Amino acid sequence: MDPLKIIFAGTPEFAALHLNALRESKHQLIAVYTQPDRPAGRGKKLTASPVKKLALATGLPVFQPASLKNEQAQAELATLGADVMIVVAYGLILPQEVLDAPRRGCLNVHASLLPRWRGAAPIQRAIEAGDAQTGITIMQMDAGLDTGDILATVSCTIGPDTSAASLHDELATLGGPLLLQVLQDLPGYQGRRQEQSEDGATYASKILKPEARIDWQQSATELDRTIRAFNPFPVCFSTLGSDRVKVQQAKLAGTGPLPDTPGTILRANEDGILVNCGQGQLSLQTLQLPGGKAMPASQLLNAHAHLFAAGACFDLPEASN
């Protein structure tokens, strides 16, 4: 197939990795759309998205409308004369006028096996739910939320140690080649498109920071999944005395019930900090105290063993301020 004139729309690092795959292909990138610069860091300095940084570094024209719902933004996009628009974690709603503007419409690269985990946080929700498998879906976009026809998929497993960070990277390596494969024969893939079933459809709601507070009354299995799902953001935490402790990594250490109150530290040594849960026990492996860096439990105990003495108890959510 002849090279396509492509508009790319995306914002985070996951999208930037797909933009780079397109940049190295035979296709012609004619414009990049990304969200407006946002305040970031302690100084709240306006910061460009990873997609914008890559686009500017490679000389691609960048557009940053606050919305695509106004006629001026829609007219500007239409005049670009694109064959197709590729959307990867853009974060803005595409009205029907935008969906119809490119000659072959708009394609979305979505980080799940649709119809499972439509929405904003498919990577995290798949791990949190205990799914054994996920993947990438290339979808022909329609006006619904991730409801368009499926053009192609590729799957991968979610293992017992998979975190959101590691799954993000694995899916990014799968998404680029699959997207290029579809673009190589776009008319063929569009001709074989499969309508999404509503059976098994789930919604991956946006991750909210309060969700990261550890509820030790949950089972160790549930908490293990949540800690992995929320690494690297927003990172699970609990309070121990007056300290807010972030838990970067943990591992299952037992499944049977114990009489101790959930949240009770059973022991702390070089193997980790063993905590009783509503069902089973969790060994905390990598933690971070306020003002400090994340470090293995064995190192943390060298200076702070008194905080994690056996019998100390992490607060339960309803008992916290």
Side-chain angles (χ1 to χ4, degrees), residues 112 116-117 121-134 157-167 200 202-289 294 296-298 300-301 304-305 307-321:
S112 80
R116 187 155 179 81
W117 302 124
I123 292 175
Q124 295 92 334
R125 298 305 183 192
I127 297 172
E128 184 184 25
D131 290 3
Q133 186 181 59
T134 189
T157 58
I158 299 176
D161 299 320
T162 300
S163 67
S166 64
L167 185 55
T202 53
Y203 178 64
S205 57
K206 180 180 178 180
I207 303 295
L208 302 176
K209 287 185 178 180
E211 293 182 74
R213 181 182 288 277
I214 296 173
D215 181 357
W216 298 101
Q217 296 172 107
Q218 291 185 298
S219 71
T221 298
E222 290 173 306
L223 292 177
D224 169 64
R225 294 198 305 245
T226 302
I227 289 167
R228 290 187 286 114
F230 290 4
N231 177 358
F233 177 85
V235 182
C236 285
F237 70 92
S238 186
T239 52
L240 183 62
S242 60
D243 292 313
R244 177 178 168 128
V245 182
K246 292 184 177 180
V247 181
Q248 299 268 7
Q249 291 179 304
K251 66 179 182 181
L252 290 172
T255 57
L258 292 175
D260 302 83
T261 301
T264 300
I265 295 174
L266 304 175
R267 67 172 181 268
N269 55 32
E270 64 276 5
D271 295 326
I273 297 168
L274 187 66
V275 184
N276 194 43
C277 306
Q279 181 75 22
Q281 298 80 47
L282 204 60
S283 178
L284 310 186
Q285 298 291 298
T286 304
L287 306 93
Q288 183 177 2
L289 289 174
S298 57
L300 192 66
L301 291 172
H304 302 283
L307 295 178
F308 301 97
C313 192
F314 285 97
D315 290 339
L316 299 178
E318 62 269 26
S320 304
N321 294 328

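Here the structure is a predicted model, which is why all the values come from computation and not from measurement.
Residues P262 and L316 approach most closely at O-CD2, 3.6 Å, considering heavy atoms. Looking at every heavy atom in both residues, A220 comes nearest to G280 through CB-C, 3.8 Å. Residues L266 and A310 approach most closely at O-CB, 3.5 Å, considering heavy atoms. Scanning both residues, L223 and L282, for their nearest heavy atoms gives CB-CD2, 3.9 Å. Of all heavy-atom pairs between A164 and I127, the closest is N-CD1, 3.4 Å. Closest heavy-atom contact between W117 and A129: CZ2-CB, 3.6 Å.
With a 4.5 Å cut-off on side-chain heavy atoms, Q249 and I227 do not count as touching. Side-chain contact between I265 and L274 is absent, with no heavy atoms from C-beta onward closer than 4.5 Å. F230 has its side chain out of reach of V247: every pair of non-hydrogen atoms, C-beta onward, lies at least 4.5 Å apart. Using a 4.5 Å cut-off on side-chain heavy atoms (C-beta onward), V235 and Q248 make contact. A heavy-atom distance below 4.5 Å is not found between the side chains of T261 and W216. When side chains are defined from C-beta on, V275 does not count as touching Q281, because their heavy atoms never get closer than 4.5 Å. Residues T134 and P122 fail the side-chain proximity criterion, which asks for heavy atoms closer than 4.5 Å.
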- Message: What verdict does the salt bridge (Lys or Arg N to Asp or Glu O under 4.0 Å) test give for E128 and R125, after you've listed the backbone C-alpha separation in whole Å, the side-chain angles of each residue and the deciding distance to 0.1 Å?
- Response: CA-CA 5 Å; E128 184 184 25; R125 298 305 183 192; 2.8 Å; yes

- side-chain contact (heavy atoms from CB on, under 4.5 Å) between K209 and F237: does it pass, once the steps are laid out? CA-CA 10 Å; K209 287 185 178 180; F237 70 92; over 6 Å; no

- Query: So F308 and L300, side-chain contact (heavy atoms from CB on, under 4.5 Å) or not? Walk me through it.
  - Reply: CA-CA 10 Å; F308 301 97; L300 192 66; 3.7 Å; yes

- Any chance you could lay out the side-chain contact (heavy atoms from CB on, under 4.5 Å) test for L289 and L307, step after step, and finish with the verdict? CA-CA 11 Å; L289 289 174; L307 295 178; 4.1 Å; yes

- From CA spacing to verdict: side-chain contact (heavy atoms from CB on, under 4.5 Å), L167, I158: CA-CA 8 Å; L167 185 55; I158 299 176; 4.2 Å; yes

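Between the side chain of T286 and the backbone N or O of P296, no donor-acceptor pair lies under 3.5 Å. A donor-acceptor pair under 3.5 Å is formed between the side chain of Q285 and the backbone N or O of D271. Using modelled atom types, one side-chain atom of T226 and one backbone atom of E222 make a donor-acceptor pair closer than 3.5 Å. Although no hydrogens or angles enter the test, the distance criterion places no donor-acceptor pair under 3.5 Å between the side chain of R213 and the main chain of T239. A donor-acceptor contact shorter than 3.5 Å is absent between the side chain of D243 and the backbone of V245. At distances below 3.5 Å, not a single donor-acceptor pair connects side-chain atoms of N231 with backbone N or O atoms of S163.
Here the straight-line distance linking atom CG of L252 with atom CG of D224 works out to 4.0 Å at 0.5 Å rounding. Between atom CD of residue Q133 and atom OG1 of residue T157 there is a gap of 8.0 Å, rounded to the nearest 0.5 Å. A distance of 5.5 Å separates CG of L284 from CZ of F314, quoted to the nearest 0.5 Å. In this structure, S205 OG and Q124 CD are separated by 10.0 Å, a value rounded to the nearest 0.5 Å. Atom CD in Q279 sits 9.5 Å away from atom CG in L258 (nearest 0.5 Å).
Residues S298 and E270 have side chains that never bring a donor and an acceptor to within less than 3.5 angstrom of each other.
Ion pair K251/D161 not flagged as a salt bridge, since none of the NZ, NE, NH1 or NH2 atoms sits closer than 4.0 Å to an Asp/Glu carboxylate oxygen.
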